[in-house]
Amino acid sequence: MEYGPVFGNAIKQFDVAAVKLKDVPKDLLEAAKKPKRSLIVNIPVKMDNGKIKVFTGFRVQFNDSRGPTKGGIRFHPNVSLDEVTALSFWMTVKNTVAGVPYGGGKGGIIVNPKELSEGELERLSRNYIKAIHQFVGEKIDVPAPDVYTTPQIMAWMMDEFEKIKGLHTPGVITGKPIVLGGSLGRDKATAQGGLFVLMEAIKACNITGKKIAIQGFGNAGAVMAELANNAGFKVIAVSDSKGGILNESGLDIEKLTEFKESKGSVKGFPGSKEISNEELLALECDVLVPAALESVITKENASKVKAKMILELANGPTTPEADEILNKKGIHLIPDVLANSGGVTVSYFEWVQNLYGYYWTKEEVNEKLRIKMVQAFNNLLSTKNAFKCSFRESAYIFAIKEITDAMKLKGFY
Ligand code: GLU
């Protein structure tokens, strides 16, 4: 199989760890590297001008040996089958590291949702579900939000699915609005989980400084800024797709959030200095948080990173070449599959509550999340110590072992 650049990088991460698993047969490892099912769908949508426009979408169900496939749906102009395959693979690893009973999947549509009216966005979301509904279900494949998808989009998708099937089945999708069976705490779960991990990681790695820089100010990055600030970190820089801002003595996150809401960008925030996304990555700070898209820390800029720790809230922000450079520099990297797994962990809680028909308080959700994140961190820390490797490798070693064990025990071949 030809790998595209993003999935190719994901497989390199797999291979680096797999060689250390001497007891796992090579053919089983090869089988674990292949997506089980890849769907490409063309979705016709009637636009507001009366004309039909066809959008291309994907859903990749990578591996279901540990349970139903699970992972978000991304709406972005640069979505490709290569990217969705990589993301579905990372979900497989992430769900194992997080200790939730799922395989991994991911979906995406090539679209810039900012260019669609609300009606067009609704029709596109519903028609995507019409195109893939045979392959989705609460015990089959459970989608959720990802880049540029929202609780409202999940609501339309759930409704379409329920209409097709003629039954209520809220567990088919997570990240829903609360009134439709969403979980309290899901909106902030990715960042909240990241913060729980960060607290453990700085303790384990003896990092005492509190300066943090965050790339990305969306679902994950903006909430991380808020929670980290409340937890006593000094957020010195943030950025979005239009550019970044810096204030060495710390940004006022509450005011910044209001500013971003009214102006659509963090750029131009009073009292801050303008910087580029590239400059943000090279700032002198204790913790750097990439919280936007993949492949932003590369072999070209990795040597410029001055942070002591990187917390990957985005999926796949660091290329394998950059990983090697950061490792040599002694920078502690907390990988995406652990750092951002709070989102899917609370998605799991949402699904459990939907199946159970009984709902928890926000405090219960957050406490359960904390327990899961600390457990996941400790699992990787012991694997790291046993194999004398990086956190990323320990995540892959841990996950590949569990996934191949599940495959072997099921006797799928
Ligand atoms: N899109 C999120 C992720 O990449 C959440 C997935 C989910 O909740 O299923 O982890």
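Ligands are counted one by one from 1 in listed order, and the atoms in each one are counted from 1 as well.
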Engineer: Within 45 degrees of the axis of the six-membered ring of Trp90 and under 6.0 Å from its centre: does Lys106 put its NZ or CZ there?
Structural biologist: no
Engineer: Verify whether one side chain among Glu294 and Asn315 offers a donor that lies under 3.5 Å from an acceptor in the other.
Structural biologist: no
Engineer: Under a plain distance cut-off of 3.5 Å, with no hydrogens placed, do Glu402 and Thr96 share a side-chain donor-acceptor pair?
Structural biologist: no
Engineer: With sequence neighbours left out, which residue pairs that include part of residues 213-228 fulfil the side chain to side chain donor-acceptor pair (under 3.5 Å) condition?
Structural biologist: Lys188-Glu226, Gln215-Asn277
Engineer: Using the ring of Phe233 (Phe, Tyr or Trp, six-membered ring only), decide whether Lys210 places NZ or CZ under 6.0 Å from its centre and within 45 degrees of its axis.
Structural biologist: yes
Engineer: For ligand 1, run through the N/O pairs with the protein that fall under 3.5 Å and put one pair on each line.
Structural biologist:
residue, atom, partner, partner atom, Å
ligand 1, 1 (N), Pro145, O, 2.8
ligand 1, 1 (N), Asp146, OD1, 2.8
ligand 1, 4 (O), Lys94, NZ, 3.0
ligand 1, 4 (O), Lys106, NZ, 3.0
ligand 1, 4 (O), Asp146, OD1, 3.4
ligand 1, 4 (O), Asn315, ND2, 3.1
ligand 1, 8 (O), Arg186, NH2, 3.1
ligand 1, 8 (O), Ser347, OG, 2.6
ligand 1, 9 (O), Lys70, NZ, 2.8
ligand 1, 10 (O), Lys94, NZ, 2.6

Engineer: If you take the centroid of each ring, where Trp contributes its six-membered ring, are Phe377 and Phe391 closer together than 6.0 Å?
Structural biologist: yes
